[in-house]
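Written out below as structure tokens is the structure these notes cover.
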There are 2 protein chains.
Amino acid sequence: MARKRFNDMPCSIAQTLNLVGDWWTLLIIRDAFFGARRFAEFESRLGIAKNILANRLSQLVDNGIMQKVDIGQTGTHYAYELTEKGRDLFPVLTALRQWGDKWVYGEGCAPMDIIERKSGRPLARMLPLGADGEPVALGDLEIRLKEKS
Amino acid sequence: MARKRFNDMPCSIAQTLNLVGDWWTLLIIRDAFFGARRFAEFESRLGIAKNILANRLSQLVDNGIMQKVDIGQTGTHYAYELTEKGRDLFPVLTALRQWGDKWVYGEGCAPMDIIERKSGRPLARMLPLGADGEPVALGDLEIRLKEKS
DNA sequence: TTTAATGGTTTCATTACGCAACCAAAGGAG
DNA sequence: CTCCTTTGGTTGCGTAATGAAACCATTAAA
């Protein structure tokens, strides 16, 4: 049987994972944020097989998360770059990174820091904030399902 | 060949995906946030195969993200619940959900809202903030790798 | 004219996923 | 005590996804 996809689940988390939840996909997007543009660049940075990379990139292009730009004169050189939709995944990557910083490496032991040039300091820990700008407690949340019209 | 895991990559994103990046894993955690506790509960909510669910749950327990609590008298009823390490994934799920709200369903069309009871309003959009509490521009970020000692 | 670089595709082996069937321990019904 | 149900799995088996290596087509450089 085919791997079950999450298309039919009425949930934004499932839908997002359906688009970027495949093995390798978020790491490709990460490297795009870190400056990778060319097929060979993703390949060598990630150590991913070429067929898998080609498949993931074309999926990402199909889904509007990256675009394939012809940067040669005649179609031998391409750049893959994030669209606005793709750049908008930065909070997702930041949340994943901050969790790993804390729970895999431990505070202060992370292998890389992301520094805001303006202040010279790392990004603040990303937390879900309420209307008053304060972090919310899990117990103070209520899930409200929309009725389908 | 076996699926390549991301163990050896010195990157918090890769390490986090190594723990929760498997197909189904983040949806199991999502349902734990939404109140699921029992094996059969996860099974019916997700429509996941029992062997896969058993495998993912034991992985999550092994990694300290969930814990298996005996709630029967003699070991026939168990509850799976998030540890602090697991609850700390809430920002990751929130970021995924907010991206899907915007880019899959479109603003205002998401199938569910998460409301802060205190204010009666949805959570604020989660964005990486700089030291001054303002959202940072991607161009103002600098990646600083730590040298290994 | 040959060689190298880019960006793939193809082939094949191995693993992971999905379904259904089976199972073991405990509790309740009769 | 015996049968049946519930819970929480495990086992087999077929199919899809992944990974490594080989191959390929186009363009450009030597």
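Every chain is numbered from 1 and lettered A, B, ... according to where its sequence line falls, protein lines coming before strand lines.
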Look only at the side chain of [X] and the backbone of [Y], and say whether a donor-acceptor pair between them is shorter than 3.5 Å.
| X | Y | result |
| --- | --- | --- |
| B/T94 | B/F90 | yes |
| A/Q98 | A/A124 | yes |
| A/E43 | A/K50 | no |
| A/N55 | A/N51 | no |

Checklist entry - Can you name the ring pair (Phe, Tyr, Trp, His ring centres under 6.0 Å) partners of B/Y78, sequence neighbours left out? => result none
Next on the checklist: Going by the rule ring pair (Phe, Tyr, Trp, His ring centres under 6.0 Å), which residues pair with A/F6 if we only count those two or more places apart in sequence or in a different chain?
Outcome noted: B/W23, B/W24
Whether [X] contacts [N] is assessed here as follows: a side-chain N or O lying under 4.0 Å from the phosphate OP1 or OP2. Is that the case?
| X | N | result |
| --- | --- | --- |
| B/Y80 | D/dG9 | yes |
| A/K68 | C/dG8 | yes |
| A/W24 | D/dG19 | yes |

Item to check | Distance-only donor-acceptor check, side chains A/S12 and A/Q15, under 3.5 Å | outcome: no
Presence of salt bridge, [Y] and [X], under 4.0 angstrom:
| X | Y | value |
| --- | --- | --- |
| A/R125 | B/D88 | yes |
| A/E107 | A/K102 | no |
| A/R5 | A/D22 | yes |
| A/E41 | A/R45 | yes |
| B/R121 | B/E116 | no |

[N] [atom2] sits how many Å from [X] [atom1], rounded?
| X | N | atom1 | atom2 | answer |
| --- | --- | --- | --- | --- |
| B/I71 | D/dT6 | CD1 | P | 17 Å |
| A/Q59 | D/dA17 | CD | C1' | 11 Å |
| B/D70 | D/dG9 | CG | P | 11 Å |
| B/Y78 | C/dA26 | OH | C1' | 11 Å |
| A/H77 | C/dG8 | NE2 | P | 12 Å |
| A/K4 | C/dG18 | NZ | P | 7 Å |

Looking at [range], who's got a heavy atom less than 4.0 Å off DNA chain C?
| range | answer |
| --- | --- |
| residues 10-18 of chain B | none |
| residues 46-53 of chain B | B/A49, B/N51, B/I52 |
| residues 35-44 of chain B | none |

Item to check | Common cluster, A/V104/B/L93, ILVMFWY with side-chain heavy-atom separation under 4.5 Å | outcome: yes
For nucleotides 13-16 of chain C, which of its nitrogen or oxygen atoms have a protein nitrogen or oxygen under 3.5 Å away, and what is each distance?
unit_1	atom_1	unit_2	atom_2	d
C/dT14	O4'	B/M1	N	3.0

Item to check | Closest non-hydrogen atom pair, A/R56 against A/T25 | outcome: CD-OG1, 3.3 Å
